[in-house]
Amino acid sequence: MANGSGLIVSFGEMLIDFVPIVSGVSLAEAPGFLKAPGGAPANVAIAVARLGGKAAFVGKLGDDEFGHMLAGILKENGVSADGITMDKGARTALAFVTLRADGEREFMFYRNPSADMLLQPDELNLQLIRSAKVFHYGSISLIVEPCRSAHLKAMEVAKEAGCLLSYDPNLRLPLWPSAEEARKQILSIWEKADLIKVSDVELEFLTGSDKIDDDSALSLWHPSLKLLLVTLGEHGSRYYTKNFKGSVDAFHVNTVDTTGAGDSFVGALLSKIVDDQSILEDEARLREVLKFANACGAITTTKKGAIPALPKEEDALKLINGA
């Protein structure tokens, strides 16, 4: 399973997560915080690069110390920063993240408005987007203008250029005006995507059903979709295509922090299919890729923070081979 040399462009937000130095306490009780670079689309780009793939990030950062730090982290990790613009008038977004005792998270965001929300359509590096084989995005960039228009334009340009469109809604309810608005906007671009990944929690939210089964997942299917994935945490992942469906077991590890596990899974998957999308139609090969993606997701939960925990190829192969 080779990693592709084709470019994967990730679009959206990059921010600083402030993670408590102690797990299992509320934000108010936390004695201190560590700063950790985050933002799902940026995590995906770094996940791809760490696995030896070719990645670029498109988004806006504040022209402040944190913004320059984040741009530096992308470059240090081998991600092209050619799609980044800086905003002199707005700050880089911050999020305070509480790690509950079970490793799950709660968020409190500082974005009023943050630089990522102010990306204008005419600031997009269209040449970079057109040169991608895969264009990956979330839904946070749909919440407010002008970023929403920039997101729609970028998707349109990528689609016209023949990119595979990859969508991970990455639901963050506290950022939306209401749950109804979140559901409506997340689904507003649903039918444009070729590949969609949702978590079990997002599946329940989008379908309004508390059942996590095939019927529930397939209610989200659309005719031009090539692959629908549902990640189930410690229960692995399920996959659905036009011709087949199934599940792949998780790897059991000592989970410390689930931050970035889904992004690691997506980055691993995209890095394996970017040059050979026929994998999406070959169940045996797809299962191998998803096993690799599950391994990458699992490894990411064994350390605090997303980016420091993203694995290299050999880490994932060691886990798969039981070393």
Side-chain angles (χ1 to χ4, degrees), residues 1-12 14 36-58 70 73-83 128 131-138 163-168 170 195 197 227 229 231 236-237 239 248 250-251 253 257-280 282 285-323:
M1 279 194 307
N3 287 315
S5 57
L7 177 65
I8 296 166
V9 168
S10 216
F11 173 90
M14 188 175 195
N43 293 342
V44 169
I46 294 174
V48 167
R50 194 157 297 169
L51 291 168
K54 195 173 168 193
F57 176 73
V58 174
L70 292 176
I73 285 164
L74 287 171
K75 289 176 199 159
E76 281 159 30
N77 282 281
V79 175
S80 163
D82 292 347
L128 180 69
S131 68
K133 286 269 187 72
V134 173
F135 183 70
H136 176 76
Y137 48 90
C163 299
L164 180 90
L165 265 51
S166 163
Y167 185 20
D168 176 357
N170 202 45
L195 185 159
K197 174 247 157 194
L227 176 64
L229 294 160
T231 54
S237 52
Y239 58 88
V248 181
F251 291 89
V253 292
D257 175 9
T258 57
T259 308
D263 305 326
S264 179
F265 173 91
V266 171
L269 167 73
L270 296 180
S271 73
K272 294 296 182 193
I273 65 166
V274 62
D275 287 347
D276 185 3
Q277 292 175 26
S278 70
I279 289 170
L280 302 176
D282 179 337
R285 286 160 72 214
L286 180 62
R287 288 183 64 85
E288 281 300 303
V289 167
L290 292 175
K291 189 174 172 186
F292 178 79
N294 278 358
C296 289
I299 291 166
T300 308
T301 70
T302 61
K303 285 188 202 166
K304 270 194 184 173
I307 291 169
L310 294 168
K312 291 193 162 95
E313 178 103 2
E314 56 266 30
D315 304 326
L317 295 178
K318 241 184 235 172
L319 179 60
I320 290 167
N321 299 324

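For reference, positions follow the sequence shown, starting with 1. Please read all numbers here as calculations on a predicted model, not as lab measurements. All values below were derived from every heavy atom in this structure, side-chain atoms included, with hydrogens, water molecules and symmetry-related copies excluded.
Rounding to the nearest 0.5 angstrom, the gap separating the CZ atom in Arg50 from the OG atom in Ser271 is 13.0 Å. One distance of note links CG of Asn294 with OG of Ser264; it measures 10.0 Å at 0.5 Å rounding. In this structure, the separation between CG on Leu7 and OG on Ser80 is 7.5 Å, given to the nearest 0.5 Å. Expressed to the nearest 0.5 Å, how far CG of Leu70 lies from CD1 of Ile307 amounts to 7.5 Å. Of the inter-residue distances, the one linking Glu313 atom CD with Cys296 atom SG reads 7.5 Å to the nearest 0.5 angstrom. Summarising the geometry, atom NZ belonging to Lys272 is positioned 12.5 Å from atom CG belonging to Leu290; distances are rounded to the nearest 0.5 Å.
Counting heavy atoms from C-beta outward, Ile73 and Ile46 have side chains that approach closer than 4.5 Å. Residues Ile299 and Val253 have side chains not in contact (no heavy-atom distance under 4.5 Å, counting atoms from C-beta outward). Val44 is not listed as a side-chain neighbour of Phe57, based on a closest heavy-atom distance of 4.5 Å or more. Contact check for Lys312 versus Asp315: side-chain heavy atoms found under the 4.5 Å cut-off. The shortest side-chain heavy-atom distance between Val134 and Val48 does not fall under the 4.5 Å cut-off. Contact of the Asn43 side chain with the Thr300 side chain is not registered, since no non-hydrogen atoms from C-beta on lie closer than 4.5 Å. In this structure, the side chains of Leu51 and Phe292 come closer than 4.5 Å at one or more pairs of heavy atoms. You'll find the side chain of His136 stays beyond 4.5 Å of the side chain of Leu195, heavy atoms only.
The minimum heavy-atom distance between Ala293 and Ala268, with the atom names listed, is CA-CB, 3.7 Å. Considering every non-hydrogen atom in both Asp257 and Lys303, the closest pair reads CB-O, 3.7 Å. In plain terms, the two heavy atoms of Gly6 and Asp275 that are nearest each other are N-OD1, 3.0 Å. The two atoms that bring Ala49 and Ala55 nearest to each other are N-CB, 4.4 Å, heavy atoms only. The heavy-atom pair separating Ser10 from Pro41 by the smallest distance is OG-O, 2.7 Å.
Proximity of a side-chain donor or acceptor of Asp82 to a complementary backbone N or O of Leu128 within less than 3.5 Å is not detected. Between the side chain of Thr259 and the backbone N or O of Ala306 there is no donor-acceptor pair closer than 3.5 Å.
Applying the side chain to side chain contact (heavy atoms under 4.5 Å, CB included) criterion to Ala40, with sequence neighbours excluded, gives Glu13, Asn170, Asp263. Taking the salt bridge (charged side-chain N to carboxylate O under 4.0 Å, His left out) definition, one finds that Asp282 meets it with Arg285, sequence neighbours left out.
The residues Asp168 and Lys197 are annotated as salt-bridged, a charged nitrogen and a carboxylate oxygen being separated by less than 4.0 angstrom.
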Audit row: Leu227, Ile273, side-chain contact (heavy atoms from CB on, under 4.5 Å) steps and yes/no: CA-CA 12 Å; Leu227 176 64; Ile273 65 166; 5.8 Å; no
